[in-house]
Amino acid sequence: MSEERPTSDAAQEEAAREEAAREAAEAVTDADAWAKACAEDLAAEKARRRARYGPPPGSAAEELRRLVDAVADKLSGLQTPLLGAATSGSAQQMVQQVVRQAKAAVEPVIERNPDVFDHLAAAGSELLAAYRSAVEAQERRWTARDARDARDTRDARDAGPRRDDGEQGPGERIDLD
C-alpha cells in the first residue's frame with residue numbers, strides 16, 4: 001500500500017481554483033460554440049431566404065431613392081411624339097432638367113432624414129392594418145344582418161296560419177327564447 005500524504009489547505013484551495021478556472025474556460029468555450037452555431041444557422045437561413053425570395057428590401061429611404069431613380073430614368077427615356085420632331089429635342093432637355101431638379105430636391109431630404117421615411121412606412125402599414133380591420137368588421141356586420149334578415153323571414157313563414165284580420169289562427173307559436 002502506498003501512503004498518501006494529506007494535502008494542505010493551500011494546496012486544496014489551489015486545486016479548487018484550478019478546477020473553477022477550467023470549468024469557466026469550458027463554459028466560455030461552450031458559450032462561444034453556441035453563439036457561433038447560432039450565427040451560422042442565422043447566416044444559412046438568411047442565405048436560404050435570399051435564394052428563395054430575392055434580396056430583402058432596404059430601408060424606406062433607400063427604397064424612395066430607388067423609386068426616384070426609376071421614375072427619372074423612365075421620364076428621361078420618354079419620347080414626346082405629340083410635340084413633333086422640331087421641338088422634341090428641347091422638350092427632352094426640359095424633362096431632363098425637371099428630373100435633375102427633382103432629384104436635387106429629394107436627395108438632401110433623404111440624406112438628412114432617413115429615419116423619417118422608416119416612420120412614414122410604418123405609419124402607412126398601421127393605417128393599412130386599421131383600414132383592413134374596419135372593412136372586416138363592416139363585412140361581419142353586413143353578413144350578420146343578412147343572416148338575421150334571412151332568419152326573420154324564415155320565422156315569419158313559420159309563424160303559422162293567419163286569419164284575414166292579421167291575428168294568428170288556433171295554433172299559436174310560442175317563442176321560448
Side-chain angles (χ1 to χ4, degrees), residues 17-155 177:
R17 276 195 298 270
E18 288 176 2
E19 181 64 26
R22 191 171 33 257
E23 288 175 1
E26 288 176 7
V28 168
T29 303
D30 289 344
D32 289 344
W34 179 258
K36 184 178 178 183
C38 288
E40 289 171 355
D41 288 346
L42 182 61
E45 180 64 18
K46 285 181 178 179
R48 185 187 67 78
R49 286 183 179 263
R50 267 193 305 276
R52 185 170 183 183
Y53 301 112
S59 70
E62 292 171 4
E63 293 297 316
L64 179 61
R65 186 176 291 120
R66 286 180 43 204
L67 175 66
V68 168
D69 289 342
V71 170
D73 291 343
K74 188 68 172 176
L75 287 176
S76 296
L78 286 178
Q79 298 297 324
T80 53
L82 298 175
L83 298 176
T87 59
S88 67
S90 62
Q92 191 72 17
Q93 289 175 351
M94 191 170 72
V95 167
Q96 289 176 350
Q97 181 181 2
V98 168
V99 166
R100 281 192 303 271
Q101 288 174 346
K103 284 178 79 172
V106 169
E107 205 55 45
V109 173
I110 293 172
E111 291 296 324
R112 283 191 305 256
N113 306 308
D115 294 339
V116 169
F117 296 101
D118 290 333
H119 291 297
L120 289 173
S125 296
E126 291 293 324
L127 286 172
L128 180 61
Y131 176 75
R132 183 178 297 129
S133 175
V135 168
E136 289 172 354
Q138 184 62 39
E139 287 175 346
R140 280 193 300 272
R141 285 192 295 271
W142 286 337
T143 56
R145 184 175 54 204
D146 291 345
R148 188 174 54 244
D149 291 345
R151 189 176 56 244
D152 291 344
T153 304
R154 196 171 44 247
D155 289 346
D177 289 340

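Because the structure is a prediction, the values reported are computed rather than measured.
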For [X], which residues count as a salt bridge (Lys or Arg N to Asp or Glu O under 4.0 Å) partner, sequence neighbours excluded?
{"X": "E62", "answer": "none"}
{"X": "R141", "answer": "none"}
{"X": "E40", "answer": "none"}
{"X": "D69", "answer": "K103"}

Please tabulate, for side-chain N and O atoms in residues 108-129, each donor-acceptor pair with protein atoms closer than 3.5 Å (sequence neighbours left out).
residue : atom : partner : partner atom : Å
E111    : OE2  : R65     : NH2          : 2.7
D118    : OD1  : A60     : N            : 2.9
S125    : OG   : A121    : O            : 3.2

- prompt: What is the distance from atom CD of Q93 to atom CZ of R100, rounded to the nearest 0.5 Å?
  reply: 8.5 Å
For [X], which residues count as a side chain to side chain contact (heavy atoms under 4.5 Å, CB included) partner, sequence neighbours excluded?
{"X": "R49", "answer": "E45, Y53"}
{"X": "D41", "answer": "none"}
{"X": "E136", "answer": "R132, R140"}

field: CZ (R52) with more than 12 external heavy atoms under 6.0 Å
entry: no
- prompt: Does Q97 have any side-chain hydrogen bond (donor to acceptor under 3.5 Å, both in side chains) partners at least two apart in sequence or in another chain, and if so, which?
  reply: none
- request: Using side-chain hydrogen bond (donor to acceptor under 3.5 Å, both in side chains) as the criterion, list what pairs up with R66, not counting sequence neighbours.
  value: E63
